[in-house]
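Here the structure is laid out as structure tokens; the discussion comes afterwards.
Per chain, numbering begins at 1; letters A, B, ... match sequence-line order.
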Protein chains: 2
Amino acid sequence: MVRKPTSKETARKPNMREAILAAAEELFATNGFNAVSVRDIAQAAGANPGSVTYHFKTKDGLLLEIYRRHCGPMNLRRSELLAAARRVRDLHDRLEAIVRAYVVPAFTSGSDLAGGGARFTRLRAVMSAEGNEVARKIIAQTFDDTSHAFIDAIHDSLPHIPRTDIVWRSHFLLGALYYSLVTPDRVSRLSRGEADGGDPANAIEQLVQATVAAFQAPALDQAAPARRRAVASSKT
Amino acid sequence: MVRKPTSKETARKPNMREAILAAAEELFATNGFNAVSVRDIAQAAGANPGSVTYHFKTKDGLLLEIYRRHCGPMNLRRSELLAAARRVRDLHDRLEAIVRAYVVPAFTSGSDLAGGGARFTRLRAVMSAEGNEVARKIIAQTFDDTSHAFIDAIHDSLPHIPRTDIVWRSHFLLGALYYSLVTPDRVSRLSRGEADGGDPANAIEQLVQATVAAFQAPALDQAAPARRRAVASSKT
DNA sequence: ATGTGATTTGTACTATCGTACAAAAGATCA
DNA sequence: TGATCTTTTGTACGATAGTACAAATCACAT
């Protein structure tokens, strides 16, 4: 007995469910979790508030489903790009390729693309800032593997830099990445219109170039982090 | 007629007002604006909910007062440090001093210190992520001058780098700074306990060193940002 | 001591929150 | 067509939100 894919076991009318997910993603990403009500989401999706409860049971459940929808494909894409990057021979080129593999999927603009997309990355940034519990749990258990893989890859291409420094610098990378997606207008404002903070290609190039240089910075001596030669010499 | 400073025109009992401000700052910085209720703040400060209304009128007014309290002193401190940094002769040392002047006040741990402090910086990070309107307004009109001063100073010490690139990189710096204060535990986790993400001195050194290197990265050619030499060929 | 203005308390009001649930509507197949 | 299941709607409930306000309390000058 062959079941038709259109009827029972999947949703009969997936449009509304998808519309709610998209609306919630957009609203959460721009306003935070607590500032957005279920009614706001329903209205933005052209649905009834009760429909949200029907599909996702709770507001937390809705957020959880957004994460479930994106995490897998995004990590897969990153893994593919990372594997390709690791095959680059030249160490400097490899480093740049690795950084690019980390950054590019986060900036994908496609709405339903497997890359995850800028909107989902921005959502993660906002949830992380709000200390959202649901997000914190799913992030730690989903992204840490990927993060370790990237850190290891970077470490391989920069053997003389201690792992600790690489962790810090990749942390800075993620922070810069998040912030670029959260307030792109600030770049436009501070550059007096000369740069478009909202242009993904621009942001990616700037971020990759700056980050590669940051990774290549000399290692910090662990023992005495406070005493550094540079600033003490002439003034201060 | 000489008025005594202790009585009428100031608050008679500033303790409670200060306690409310401190509690609100702490709660907003860790949970976001909307997740924290006036009653939560009052309870944390050992005060009555009505007391918050009395001193600050509205919840927005409370947030506004927190910003008013910190912005002035923090920018003053940064200006002092920046002025000192600009007097450094060696260009590389000067760059490091400038970055340090930007970073250090943001990490100050003192509770009522003029530096502004890590808690206030974290608050700004969270408000920025939430797209808080009150914060957005006061930030744009208070911090942009300082940001421009730093950008100009960095530009002076790196004349061959276009201003646009410097804007981007200082944007990344702020993002990294924010993120380090928002989720310091992530550093500890990813480094498997080898680094303490919560240690301000450590974070400052790592951030300064990585950022100086990022600023010193070669300039991006504005015309063709997509085509870069590094990744296409085998060597640089 | 007492009056006076500044603060704190207690409480209440209205709005909105997340969620539940019964009824209506739509779809699918015998 | 009618039976049955899924989805959508409409509405309601209890909890909690921000804020207002009168009464109580406090600190201090006279």
N or O in side chain of A/Ser37 less than 4.0 angstrom from C/dC17 OP1/OP2
yes

Separation of D/dT16 P from B/Ile41 CD1 (nearest whole Å):
17 Å

Rounded interatomic separation in angstrom, taking CG from A/Asn48 and C1' from D/dT11
10 Å

Between D/dA15 atom P and A/Lys59 atom NZ, what is the distance in whole Å?
19 Å

Could you tell me how far apart A/His55 (NE2) and D/dT9 (P) are, to the nearest whole angstrom?
9 Å

Between C/dT19, C/dT9, D/dT7, spot the one nearest the side chain of A/Tyr54, thanks.
D/dT7

Provide, to the nearest angstrom, the distance between the CG atom belonging to B/Leu27 and the P atom belonging to D/dA17.
12 Å

With heavy-atom distances below 4.5 Å as the criterion, would you say the side chains of B/Phe33 and B/Asp60 are in contact?
yes

Separation of B/Asn34 atom CG from D/dT16 atom P, in whole Å?
18 Å

For A/Gln43 and C/dC17, what is the distance between atoms CD and C1' respectively, to the nearest whole Å?
15 Å

note: B/Met16, atom CE; C/dT7, atom P; distance rounded to Å ~ 12 Å

Among A/Ile66, A/Leu63, A/Leu62, find the residue that satisfies the side chain to side chain contact (heavy atoms under 4.5 Å, CB included) test when tested with A/Phe56.
A/Leu62

Mapping A/Arg39 and A/Gly46 onto DNA chain D by nearest heavy atom, which one lands closer to the 5' end?
A/Gly46

Give a yes/no verdict on a cation-pi contact between A/Arg122 and A/Tyr178, requiring under 6.0 Å between NZ or CZ and the six-membered ring centre and an angle within 45° of the axis.
no

Of the nucleotides D/dG18, C/dA20, D/dT8, which one has an atom closest to the side chain of B/Val38?
D/dG18

Evaluate the side-chain proximity of B/Leu173 to A/Phe172: yes if any heavy-atom separation is below 4.5 Å, no if none is.
no

